[in-house]
Protein chains: 2
Amino acid sequence: MASIAQQLGVSRTLVSLVLNGKGDQFGISKATQQAVIELAQKLDYQPNSLARTLRTGKSTILGLIVSDIANPFYSRMARTIEDIAWKEGYKLMVCSADEDPAKEVQLFQMLRQSLNAEGIIVSSGLMDAQPYQPSMDKDFPVVFIDRMLPGVEGRSVIIDNYRGAERATEHLIEAGKKRVALITIGPSHLSSINDRRKGYEAALIKKGFQVNPELIVEASFDNLEKDTAAAVTKLMKSDYVPDAIFAANNRVGLVVIETLAALGKKIPKDVALICFDDIEAFRVCSPPVTAVEQPVEDLSRHAIEKLLKMINKTDSATESDAGTLSPRLIVRQSV
Amino acid sequence: MASIAQQLGVSRTLVSLVLNGKGDQFGISKATQQAVIELAQKLDYQPNSLARTLRTGKSTILGLIVSDIANPFYSRMARTIEDIAWKEGYKLMVCSADEDPAKEVQLFQMLRQSLNAEGIIVSSGLMDAQPYQPSMDKDFPVVFIDRMLPGVEGRSVIIDNYRGAERATEHLIEAGKKRVALITIGPSHLSSINDRRKGYEAALIKKGFQVNPELIVEASFDNLEKDTAAAVTKLMKSDYVPDAIFAANNRVGLVVIETLAALGKKIPKDVALICFDDIEAFRVCSPPVTAVEQPVEDLSRHAIEKLLKMINKTDSATESDAGTLSPRLIVRQSV
DNA sequence: CTGAAAGCGCTAACAG
DNA sequence: CTGTTAGCGCTTTCAG
């Protein structure tokens with residue numbers, strides 16, 4: 001910038017003004033402006049946005065913290081949000097917390113304090129919003145996506161997990177199933193996972209069944225694959241074999257399919273199956289698996305739009321309701 | 001920082017020194033150091049790394065540009081690289097270029113110029129390395145992953161696509177297949193895609209077959225799903241029906257499976273199938289699909305280690321060979 | 001119409 | 001042992 005000012009014999013101020021489109025506003029002659037712009041292009045001048053951010057406090061960086069970027073649900077989320085952010089002139093920094101609460105908080109700090117992100121979308125694995133409270137109190141834009149925390153309703157955009165799970169379970173029961181097992185993640189404080197369980201239980205009761213603890217299995221997050229496989233095996237060999245399984249997320253569902261195949265059990269003849277969160281694998285299985293599809297694209301769009309509104313102060317977080325999107329049951333041939 | 005210096009009646013320099021662990025080096029009394037550290041913690045002081053970067057030129061940010069973060073291959077790559085980077089004290093900024101060369105270059109500029117990334121790993125969709133040349137000439141650390149560009153051999157870490165495709169094709173031929181079709185992406189300048197095609201052709205010739213253009217179909221990137229579906233349909237209804245299909249990537253493979261199912265064709269009875277780049281869907285299909293597994297984790301590890309070496313100057317890019325990793329044929333039941 | 005000057009928060013010579 | 005000083009690259013009053 002200095003060099004371009006020098007070559008043109010003007011001050012750095014002028015160059016800055018012109019390059020930021022404030023030339024007219026400050027009444028700088030068209031000719032001068034033209035010259036500045038041309039030389040800048042010729043020299044391939046790239047403003048150092050670090051310096052700019054330091055000065056202005058604006059970074060045009062947005063942050064997204066997901067729990068596992070390798071999960072298709074979150075990678076699609078990242079893709080969608082990145083697309084929109086880019087179109088709006090923001091860069092998106094995507095980070096993966098790997099289901100580690102401490103890392104999640106560190107990532108948030110880094111994004112906020114170090115990178116000067118102007119807003120952050122987070123799919124939080126925390127138990128409560130306490131670490132986010134100071135930021136929110138200072139009106140720093142934070143939007144919670146997919147997983148709700150107590151007390152952040154107005155800042156959340158989520159899927160109606162309860163309703164989705166209820167629909168799925170009802171579908172199973174309406175197909176004549178009497179012993180619907182639930183394989184879920186636990187013990188879990190995640191709103192998404194809990195709501196799915198509540199939906200499952202509600203459907204059971206609504207249809208006149210009892211909630212049977214023997215038919216509910218919790219696999220731990222850290223050992224999801226093995227726990228799930230063990231659970232399926234145990235269930236299928238128990239005295240009280242289920243005639244249907246409701247898998248609470250895509251990873252669980254995948255393992256259920258594989259384990260069932262390994263055990264020589266046929267879907268849906270031996271046992272029916274519905275999975276929460278549709279992934280492509282469920283389409284190409286045979287039989288293709290009925291699943292609860294989550295509208296990730298919509299979810300993502302709502303989240304970033306909300307964030308942008310907060311950044312532009314056209315939305316005061318706390319006043320609006322939680323945005324809740326409806327999932328859709330995609331009926332295939334596993335029931 | 002000013003406030004903590006003031007409260008303790010010392011200079012900002014001293015605070016900076018202590019907080020950066022240079023207290024001993026500058027012979028600052030233990031007591032003073034202790035006081036500084038405690039107060040910093042009490043005030044929850046967070047250094048502004050923007051300012052630090054501006055001053056030192058070090059950002060501890062690394063960049064990763066992938067062509068599509070929603071593709072499992074790349075999201076797993078992102079996860080692995082992020083993990084390692086984090087452990088080494090670096091943050092990773094992941095960006096998705098969406099197969100758009102212009103966006104890729106912009107992303108690179110942004111990462112380098114604006115965020116001051118200390119090194120960048122890129123899975124490039126460009127035809128040549130020209131836009132990267134100025135950076136590389138200045139010894140800016142850049143590592144090319146998965147896709148090779150002419151002239152960047154020493155800075156690349158790739159899969160042996162040629163060999164993987166050759167093995168797959170040979171496997172098909174050894175299983176008695178006479179008319180092996182290739183469904184690939186094109187026209188493409190991507191080294192990965194081209195090498196797969198070359199491997200396919202080499203295997204054919206090695207086994208005494210001719211390369212038959214009617215058995216090679218190129219689907220365009222922008223319209224991959226539809227083109228692939230159309231290609232499969234056309235092939236299966238042609239006069240020269242293939243008895244095996246080699247799908248050049250995971251997305252193509254997925255559509256082949258679905259289309260075949262829609263056409264009522266059975267794998268492997270009507271037509272055998274091998275896909276390049278294994279994804280979980282191929283495991284749970286029925287029959288499970290034989291695939292060429294790419295060692296993404298290894299690939300990612302090599303790439304970031306190379307980058308780190310370049311950053312620490314313990315590796316002069318140009319002298320080392322291209323790191324080439326061998327893919328593995330996972331035999332399932334689709335052949 | 002244009003430029004001087006101050007300062008964002010931090011670090012690193014260089015003097016004491 | 002500690003503080004002064006200068007400045008990273010940019011923006012923005014404010015006074016010509």
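Order of the sequence lines sets the chain letters (A, B, ...), proteins ahead of strands, with each chain counted from 1.
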Taking it one step at a time, do B:Arg147 and B:Glu99 satisfy salt bridge (Lys or Arg N to Asp or Glu O under 4.0 Å)?
CA-CA 12 Å; B:Arg147 296 167 173 182; B:Glu99 305 289 358; 3.1 Å; yes

How would you summarise protein contacts on nucleotides 8-15 of chain D per nucleotide, using B for base, S for sugar-phosphate only and - for none, with heavy-atom distances below 4.0 Å?
BBBBB---

Any salt bridge linking B:Lys30 with B:Asp24? Criterion: basic side-chain nitrogen under 4.0 Å from a carboxylate oxygen.
yes

Within this structure, what is the [atom1]-to-[atom2] distance between [X] and [N], rounded to whole angstrom?
X: B:Leu14; N: D:dT5; atom1: CG; atom2: P; result: 17 Å
X: B:Ile4; N: D:dG3; atom1: CD1; atom2: P; result: 13 Å
X: A:Gln113; N: C:dG9; atom1: CD; atom2: C1'; result: 13 Å
X: B:Asn116; N: C:dC10; atom1: CG; atom2: C1'; result: 14 Å
X: B:Lys58; N: C:dG9; atom1: NZ; atom2: P; result: 24 Å

Taking the six-membered ring of B:Trp86 (Phe, Tyr or Trp), confirm whether the NZ or CZ of A:Lys103 is under 6.0 Å from its centre and within 45° of its axis.
yes

Between the first and last five pairs of the helix from C:dC1-D:dG16 to C:dG16-D:dC1, the angle of the axes, rounded to 10 degrees
50°

Pick base, sugar-phosphate or nothing for B:Gly23, based on heavy-atom distances below 4.0 Å to the nucleic acid.
nothing

Donor on one side chain, acceptor on other, B:Arg112 and B:Ser135, under 3.5 Å:
yes

Could you tell me if B:Glu104 and B:Ser124 have a donor-acceptor pair between their side chains, going purely by distance under 3.5 Å?
yes

Looking at B:Gln6, I'd like to know if its CD atom is crowded, meaning that more than 12 non-hydrogen atoms belonging to other residues, nucleotides or ligands lie closer than 6.0 Å.
no

Using salt bridge (Lys or Arg N to Asp or Glu O under 4.0 Å), reason through B:Arg79 and A:Asp98 one step at a time and then give a plain yes or no.
CA-CA 9 Å; B:Arg79 170 73 131 97; A:Asp98 309 348; 3.4 Å; yes

Do B:Phe144 and B:Tyr132 have their ring centres less than 6.0 Å from each other?
yes

